[in-house]
Amino acid sequence: MSEKITFKVNGREKTVEIEGWERGLDVLRENLGLTGSKRGCDDATCGACTVVVNGEAKKSCVLLAKKLSGADILTIEGISQGKKLHPIQKALIEAGAVQCGYCTPGIVMELYALFNKKLSASKKEIKDALAKHLCRCTGYEAIFEGALLAQQNLKKKS
Amino acid sequence: MSLKYVGKNITRPDAIKKITGKSVFLDDIKLNGMLYAAILTPPTAHAKILSIDISAAEKEPGVIKVVTGKNIDFLFGDNVKDRVPMAVDRVRYIGEPVAAVIAENPHQAQMALKKIEVKYKELPVYIDARDALKKNAVLIHPDSADYWHLPGIGADGGTNIADHYLLNKGDIKKGFGEADLVVEGEFNYPFSSSAAIEPHGTIALHHEDGTIEIWSSSICPFVIREDIAHTYKLPVSSVRVHIPEVGGCFGYKSDVTIEQTVAYIASFVPGRPVKWVASRKEDFISTLLGHGIRTKFKVGVTKTGKLTALKTTILHSTGAYVDTGLHVMRGSTHNSTGTYEFPNCYLDGYSVYTNTPPVGAYRGYGHQESQLGMERMMDIIARKLGMDPFKLRAMNYLGPGKKTSLGEWLWESNGNVKKCADIVRKTIFTGKKKKEDSEYYYGRGFAALMKSPKGAPFSSKSCYLKFNIDGSVSINMGGAEVGQGLRNVVRLVAAEVLKIDPSRISVYMEIDTQFSPWEWQTIGSMFTMQGGRAVVRAAEKAIHQLKKTAMQALKCDYDMLEYDGDYIFLSSDPSVRVKVSALAHGYMTEDGITVGEVVHTTSDARLPRYSNPDANGQGSMGVTYTFGAQACEIKIEKKTGKIIVDHFASAFDVGQVINPIQIRGQVAGGVMMALGSTLHEETKFDSDGVCLNPRFSKYRFPTINDAPAKQTIEFVETPGKIGPFGARGIGEHPVIGVAPAVLNAVYDAVGIDFYEIPLDPEQVKAAIEGKNKKGR
């Protein structure tokens with residue numbers, strides 16, 4: 001059965017018609033064309049589909065679409081402003097954390113949610129957040145360094 | 001050589017698109033009129049198909065067509081044509097396509113799939129080559145002897161052996177006769193998945209005019225193009241293959257596999273593009289698996305530590321279809337010497353049909369499987385001889401004046417394993433080992449390694465380079481960027497030769513067989529070497545063209561001209577000069593009359609004199625080697641048996657580092673991937689051939705919590721003679737020494753020899769408890 005839901009994505013209100021089987025990731029990618037969130041596993045393990053829902057990092061591949069009703073969602077498409085990258089994006093590039101790039105948007109969103117909630121997150125807290133994401137390319141070293149650099153730069157700004 | 005750009009860090013040209021989520025991967029492509037396929041797979045891995053009833057599925061909402069393979073009359077494959085795109089009358093593995101639904105959306109296709117009824121008659125299932133080789137085993141391919149294959153490879157028929165390779169060097173009997181000690185060992189590197197985070201997928205479109213267009217997350221567009229053209233009896237030029245951004249490969253997106261299946265399905269709906277992207281489960285069971293290699297070693301050595309003879313048996317469970325998988329076995333077999341010179345070798349390899357998903361390329365291509373055995377053997381032999389294992393290795397290392405198993409002479413320019421070994425030894429083995437405490441055992445382990453490309457003699461990589469009107473340069477190539485960073489290799493190498501800043505060089509962001517220059521496929525850690533050489537050649541040709549036009553502009557002889565990136569000038573009077581930008585599209589004289597060629601060049605580069613094997617299984621089949629060494633410091637938690645890697649060190653002789661930040665990323669990622677294989681990952685099957693863990697929540701993919709606390713990564717730069725500025729390949733090498741280094745460290749920690757991976761904590765704990773009991 002299809003139904004209409006309304007929610008906010010990247011600051012703009014959207015109303016979409018969804019089917020009962022659809023997940024948040026389907027709505028973002030198929031209905032709204034926000035393909036920056038990726039599908040990698042279907043069982044909330046790889047983290048490539050991570051978006052920020054009401055301030056929390058969520059794996060959108062297992063999120064029922066109808067649960068998005070009324071939510072405030074931020075995706076990778078909403079994090080930079082034109083050519084001005086978010087400090088997290090800048091830091092990850094600087095650290096060499098981007099290789100194939102498929103896990104990258106999810107990791108950016110995870111760190112965004114973490115640092116927005118707690119900019120003073122400890123190394124362990126950062127690791128715990130990154131442990132929700134799988135990356136085959138980097139061995140995680142550059143991602144962790146990028147996260148620390150992002151935290152440092154965000155602290156300077158705040 | 002003083003280099004201005006090569007060896008410096010520059011930002012990846014794809015970094016911003018990737019980090020803003022704007023890069024286009026296969027699943028991000030939407031085409032007008034696109035339909036979606038869902039593919040039915042069988043409940044058991046080996047069975048005859050008795051009947052398929054699609055009538056109920058055809059009536060489901062949104063269904064356009066239901067497809068079976070019963071009328072398929074062709075086989076496909078790049079090396080051995082032994083595959084069908086969809087089961088005809090039997091299934092041979094658990095991920096084999098049996099039928100497919102084409103529907104308006106993926107959900108409808110999935111729903112209708114459930115309505116297809118198939119009756120099977122089960123056949124015996126063989127997961128391991130040892131079972132498929134038993135007397136009276138049912139033949140998985142009764143017609144294997146009739147399959148088309150490239151010369152010198154393939155099956156003889158009558159057994160499940162899909163390919164046999166034997167290498168003879170020297171006199172094996174004499175070699176063992178000279179030995180004072182003969183040591184044997186058996187090892188296993190089990191199945192696992194390359195498991196890129198982007199699942200494999202394809203879109204196929206049969207145009208109404210008979211041409212075919214394919215989009216795939218593949219690394220071999222030109223192989224796909226040729227194979228599809230062959231199948232559909234089209235000129236190769238009538239098939240066009242696009243490769244968008246690829247979200248990791250690590251082996252299994254090579255060769256032609258799912259593209260043939262999706263093209264077959266799409267052939268039923270001409271004019272409509274059909275998309276199929278693997279679910280994670282399908283990515284595990286319906287693409288290519290890795291490894292599945294058992295090895296047996298018999299090594300002869302004198303009292304003083306001189307290696308005299310090596311006999312190995314390499315048993316490759318190659319899965320339901322062999323195609324290029326046999327080259328994994330062949331590479332594993334002739335490289336089973338590891339980094340050591342054996343004057344006498346008898347290296348015997350078999351790829352055997354089994355009922356698992358086809359086993360193909362996985363980063364390392366057979367090398368880590370046999371070098372796990374060899375590097376463990378070196379430690380075991382040293383122990384038996386009462387010798388320092390570093391000394392035993394150093395006495396036997398391959399190097400200048402030594403001959404590989406293939407009979408190839410090595411030269412200084414092939415690199416220096418000893419230097420790499422010294423670096424990691426110093427890093428990990430300096431000082432005393434930590435003493436066992438109440439919580440942990442501590443150990444240190446080492447492995448040397450080598451890898452050759454295992455390519456094809458005709459393998460080449462091409463470059464198309466054009467100068468633009470402002471003197472900037474655009475470069476187009478056929479090498480697939482899968483994350484490894486080859487786009488920056490192209491830019492840095494071109495910048496160095498052309499003497500212009502890399503920011504003025506733009507490189508291709510997608511591959512399209514209609515526009516991209518030909519490349520065999522992006523495998524074997526060969527892009528930097530071959531592709532980089534192609535860039536050098538194309539750039540030199542461009543400079544040559546610029547000079548030819550400048551001769552007319554400056555009215556002087558060719559050999560009096562020099563090039564500095566901005567100008568062509570007279571070497572005897574540099575004030576007489578013309579701007580490169582004034583030459584790029586020909587030189588326009590004062591009256592407007594224009595002379596000279598438009599400056600765009602093509603080139604290619606293959607490995608010099610790469611050959612097929614001779615009657616002894618030898619030949620020029622390595623050509624280039626990268627040597628290295630890896631070592632680690634581990635601790636084993638007493639309570640759980642868990643192995644924790646505190647420090648992992650790697651050193652490789654790469655000839656020349658092209659981009660420091662990227663090469664470190666390659667090595668760090670490779671080490672992590674192989675630590676996954678060593679400690680966690682295995683694709684498991686039950687006795688029906690059903691995969692037991694085809695999802696990330698069940699397949700132990702390593703996370704950041706499994707990463708070594710510290711990685712030391714260093715490079716030796718002994719310039720090679722083939723690659724650009726002396727560079728050699730590095731993409732696969734970081735995975736090779738990891739398992740033996742860890743297993744050698746485990747012995748160092750607890751005195752137990754392990755021969756198989758993954759080493760899960762329960763197993764380690766049980767072995768330690770068993771040993772402790774015995775010791776009492």
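These numbers come from a predicted model, not from an experiment. Throughout, a chain's letter reflects where its sequence line sits, starting with A, and its residues are numbered from 1.
- For a residue to count as touching a neighbouring chain, one of its non-hydrogen atoms must lie under 4.5 Å from one of that chain's; by this rule Gln711(B) touches chain A with backbone and side chain alike.
- With a 4.5 angstrom heavy-atom cutoff, Ala44(A) does not touch chain B via any of its atoms.
- Of the residues listed (Ile76(A), Ile93(A), Ile88(A)), the one engaging Ile19(B) in a side-chain contact (heavy atoms from CB on, under 4.5 Å) is Ile93(A), and it is the only one.
- Here Asn705(B) contributes atom CG and Lys124(A) contributes atom NZ; the two are 7.5 Å apart, rounded to the nearest 0.5 Å.
- Of the listed residues (Glu198(B), Met672(B), Lys30(B), Gln484(B)), the greatest number of heavy-atom pairs within a distance under 4.5 Å of chain A belongs to Glu198(B).
- In this structure, Asp28(B) pairs ionically with Lys38(A), as a charged nitrogen and a carboxylate oxygen lie closer than 4.0 Å.
- Comparing Lys127(A), His133(A), Arg39(A) by how many heavy-atom pairs each has under 4.5 Å with chain B, the most go to Arg39(A).
- Listed for the Gln99(A) side chain is no donor-acceptor partner under 3.5 Å among the backbone atoms of Gly485(B).
- Proximity to chain B is limited to the side chain of Ser80(A), based on heavy atoms less than 4.5 angstrom apart.
- Heavy-atom pairs under 4.5 Å with chain A were tallied for Met673(B), Arg695(B), Arg280(B), Glu245(B); the largest tally goes to Arg280(B).
- To the nearest 0.5 angstrom, Tyr102(A) atom OH is 6.0 Å from Asp27(B) atom CG.
- If you measure heavy-atom distances from Asn105(B) to chain A, the contacts under 4.5 Å come from the side chain alone.
- Both the backbone and the side chain of Val277(B) come within less than 4.5 Å of a heavy atom of chain A.
- Proximity to chain A involves both the backbone and the side chain of Gln666(B), based on heavy atoms less than 4.5 angstrom apart.
- For Pro708(B), no part lies near chain A; criterion is any non-hydrogen pair under 4.5 Å.
- Among the candidates Leu92(A), Asp42(A), Thr45(A), the residue making the largest number of heavy-atom pairs closer than 4.5 Å to chain B is Thr45(A).
- The contact between Tyr699(B) and chain A is made entirely by side chain atoms (from C-beta outward), counting heavy-atom distances below 4.5 Å.
- Of the charged side-chain nitrogens involved, none lies within less than 4.0 Å of a carboxylate oxygen, so that Lys698(B) and Asp43(A) do not count as a salt-bridged pair.
- Residue Gln108(B) holds its CD atom at 8.5 Å from CD of Glu19(A), rounded to the nearest 0.5 Å.
- Contacts between Ala278(B) and chain A at a heavy-atom distance below 4.5 Å involve the backbone alone (N, CA, C, O).
- In this structure, chain A has heavy atoms under 4.5 Å from both the backbone and the side chain of Ile16(B).
- For Thr35(A), the parts sitting under 4.5 Å from any heavy atom of chain B are the backbone and the side chain alike.
- Counting heavy-atom neighbours within 6.0 Å of Lys58(A) NZ, excluding the residue itself, gives a total of 12 or less.
- Of the atoms belonging to Gln89(A), heavy atoms from both backbone and side chain fall under 4.5 Å from chain B.
- Taking a 6.0 Å sphere around NZ of Lys14(A), one finds it holds 12 or fewer heavy atoms contributed by other residues, nucleotides or ligands.
- At a 4.5 Å heavy-atom cutoff, the contact between Leu134(A) and chain B is made by backbone and side-chain atoms alike.
- With a 4.5 angstrom heavy-atom cutoff, Ala15(B) touches chain A via backbone and side-chain atoms both.
- Interface summary for chain A: among Gly669(B), Gly670(B), Gly248(B), the most heavy-atom pairs under 4.5 angstrom belong to Gly669(B).
- Across Phe696(B) and Gly40(A), no two heavy atoms sit closer than the pair CE1-O, 3.9 Å.
- The contact between Ser23(B) and chain A is made entirely by backbone atoms, counting heavy-atom distances below 4.5 Å.
- Salt bridge status for Lys22(B) with Glu77(A): absent, with no side-chain N to carboxylate O gap under 4.0 Å.
- The 12-atom threshold is not exceeded at NZ of Lys67(A), counting heavy atoms of other residues, nucleotides or ligands nearer than 6.0 Å.
- Both tests hold for Arg136(A) against Phe701(B): distance to the six-membered ring centre under 6.0 Å, angle to the ring axis within 45°.
- Within the 4.5 angstrom heavy-atom criterion, only backbone atoms of Val482(B) (N, CA, C, O) approach chain A.
- Atom NZ of Lys132(A) and atom CD1 of Ile704(B) lie 12.5 Å apart (nearest 0.5 Å).
- Using a 4.5 Å cut-off between heavy atoms, Ala131(A) contacts chain B through both its backbone and its side chain.
- The minimum heavy-atom distance linking Phe25(B) with Cys100(A) is given by the pair CZ-O, 3.5 Å.
- Contact tally against chain A (heavy-atom pairs below 4.5 Å) for Asp14(B), Ile197(B), Asp283(B): the top residue is Ile197(B).
- Of the listed residues Lys281(B), Glu681(B), Glu481(B), the one with more heavy-atom pairs under 4.5 angstrom with chain A than any other is Glu681(B).
- Taking every heavy atom of both residues into account, Ala707(B) and Gly139(A) meet most closely at CB-O, 4.1 Å.
- Across all their heavy atoms, Tyr140(A) and Thr703(B) have their closest contact at CE1-C, 3.3 Å.
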